[in-house]
Amino acid sequence: MDKILVVDDDLGIQKQLKWSFTGYDVIFAEDRASAIAQLRRYEPKVVTLDLGLPPDPTNASEGLATLEEILELAPQTKVIVVTGNNDKQNALKAIKIGAYDFYQKPIDSDTIQVLVSRAINLFDLEMENRHLSAVAPSMDRILGQSEGILLASRKAERIAQTDISTLLLGESGTGKEVFARSIHEHSLRKDKPFVAINCASIPENLLESELFGYEKGAFTGANKTTPGKIESAQNGTLFLDEIGDMPIGLQAKMLRFLQERVIERVGGRSEIPVDIRVVCATHRDVQSMVAEETFREDLFYRVGEISIMIPPLRERDNDVVLLAKTFLAQYNEEFKTKIKGFSDSAILAMKQHKWPGNIRELQNKLKSAVIMAEGNQIQAEDLSLIVKDEGPTLTSLNLREVREHAESRAIRNAYLVADKNMSKAAELLGVTRPTLYSLIDKYHLEDIKTGV
Ligand SMILES: Nc1ncnc2c1ncn2[C@@H]1O[C@H](COP(=O)(O)OP(=O)(O)OP(=O)(O)O)[C@@H](O)[C@H]1O
Ligand SMILES: [Mg+2]
C-alpha cells in the first residue's frame, strides 16, 4: 500500500483524513520532530502538511521550516501543504520552496483524495523515469549522465545491432575508441575479433600492406605471405581510427573494399572475400576535407552511412565530476593512495575548465594530482587548475555594486558546486533556501531559477 504521512496537530482533522485516505497506509505526526522521524522511518510518497504547527500554530514559520527539512531529506516526496482558509501568501511561499501543491481548509474529502492520487501518480512516474535513465543505455563502458552522452550512447546501441558503417566524430580524447569497442561488444559479432588500426600513426608506404596484407616476394623483405588487418578482422569489426589521415592514394583501395567487400593482398592476384563491420573515427572535419578535395566524397559517404557526434567534455554538464570521482577511485587503487575526494574549489575549477584534451586530459591531471596531493582531498592547485573569479573592477559604480557582483558570483559558484541543487547551494552559502530564492530574484539570476 502507498504510504501517506499526515502532519497535523488537530486530532479531529487527523481522524477525518484517515477516513478520506482509505486504500492508503496513513501515518500521523503532530509536529516537526515527529514528522521528520516518521519521514525517515516510512519514506512516504506523499505528505500532507498543515502549515500551522506548534509551538505557534497561528504562524506558518514552523510549517515552512518542516517543509524545507522534508524536501532536503527526501526531495522526491510530494508535499501538499494545508493552510488556513485565507492564507494564500504562505501557500505560495510553500510552492516556491518546493511543495507539490496546496490546499485550503476546510477539508473536502473528494478534493483532497484527487490531489493525493495525482501526487502519487506523479511520484511513481518520476521514479520510473529516474530508473530508466539510470539503466539505459546499456553501454556500461561509457560513463556519463549528460544529455549529449546519453543521446550518443543510445544511438550507438541501436547501430550496434546492424552492420551499418559508422563514423565517430569528436575532439581528441572524447572517447571515440571507447565508443567503437562498445559498438562491437553490443553487436552480433562480439565473439569475433575487434581489430583497430590507426591510419595516422603508420607511414604511408606501410599502411597499405598493414591493411591489405602482402604475398611473399611482393617487395624486398616480403619473406612470407602475411594477411593484413582487414583479413584478420574476418567476421568481426574493423576500427579505422583517424580515417581523416588516410592518404588520398589509399582511399580508392579502401573504397573498393567497402563497396565490393573483397580485398587483394599487395602483390596478390586473387580476390579474398571479407565479411566485416567497419567503424571509423576522426577528430578532423571531414566534411571540409571533402570540400577541399583532400578526402574522397564517395569514401566519406561509404564510411559514414551513419555518424555519431561525441560531445566534448566541457559540454557534458556534471559528467566531469562523475568521471573524476570514478577515476579517483581507480587511481587510489593503482597508486595505493587514500584520497577521499575533491575540495569545492577543485570541483568548481573542473567545471570551469574547458578541457581541450577532454577525458584524456582529465585522466592525466587527476593522475598527477593523486600522486602530488598533500592532504586527503584534491585541491584545484593539485590539478594545476585555477578557479577563475572575474572579481569586480575599480570601475564599479560604488560599494553596493561591488557587493552585488560578488554575491551573484558566489551564488552562481555555489549553484555549480551543488550541482544545481538549491538546498545544497543554500547550505554552502550559509543561508536558508527562501533567502537564496529571494537573492536570485534580487539579482535577476534567471538562468538559475529556470534551471530548477
Ligand atoms: N564516457 C567515458 N567513460 C569512461 N571513460 C572514458 C569515457 N570516454 C573516454 N574514456 C576514457 O578516456 C580515454 C580517452 O578515450 P579514447 O581513447 O576512446 O578517446 P579518443 O576520442 O579515441 O581520443 P583520441 O582522439 O586522442 O584518439 C580512455 O582512457 C578512455 O578509457
Ligand atoms: Mg582514439
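All ligand and atom numbering here is 1-based and tracks the order in the structure. Given the structure is predicted, the values throughout are model-derived calculations rather than measurements.
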[X] contact mode with ligand 1 (heavy-atom cut-off under 4.0 Å):
{"X": "Phe327", "value": "side chain"}
{"X": "Lys176", "value": "both"}
{"X": "Arg141", "value": "backbone"}
{"X": "Ile149", "value": "neither"}

Legend entry - Non-neighbouring partners of His184 that pass ring-ring contact (aromatic ring centres under 6.0 Å, His included), sequence neighbours left out: Phe194
For [atom], what is the nearest protein heavy atom, given as residue, atom name and distance?
{"atom": "atom 26 (O) of ligand 1", "value": "Arg360 NH2, 2.8 Å"}
{"atom": "atom 12 (O) of ligand 1", "value": "Ile359 CG2, 3.2 Å"}
{"atom": "atom 15 (O) of ligand 1", "value": "Gly175 CA, 3.7 Å"}

Donor-acceptor pairs are to be reported for all side-chain atoms of residues 321-331 against protein atoms at under 3.5 Å, with residues two or more places apart or in another chain.
{"unit_1": "Thr326", "atom_1": "OG1", "unit_2": "Leu322", "atom_2": "O", "d": "2.8"}

Inset, instruction - State the CZ-CG distance between Arg32 and Leu39, to the nearest 0.5 angstrom. - result: 13.0 Å
Inset, instruction - Say whether Asp241, considering both its backbone and side-chain N or O atoms, lies within less than 3.5 Å of an N or O atom on ligand 1. - result: no
Inset, instruction - Please confirm whether Thr174 comes within less than 3.5 Å of ligand 1 when only nitrogen or oxygen atoms on both sides are compared. - result: yes
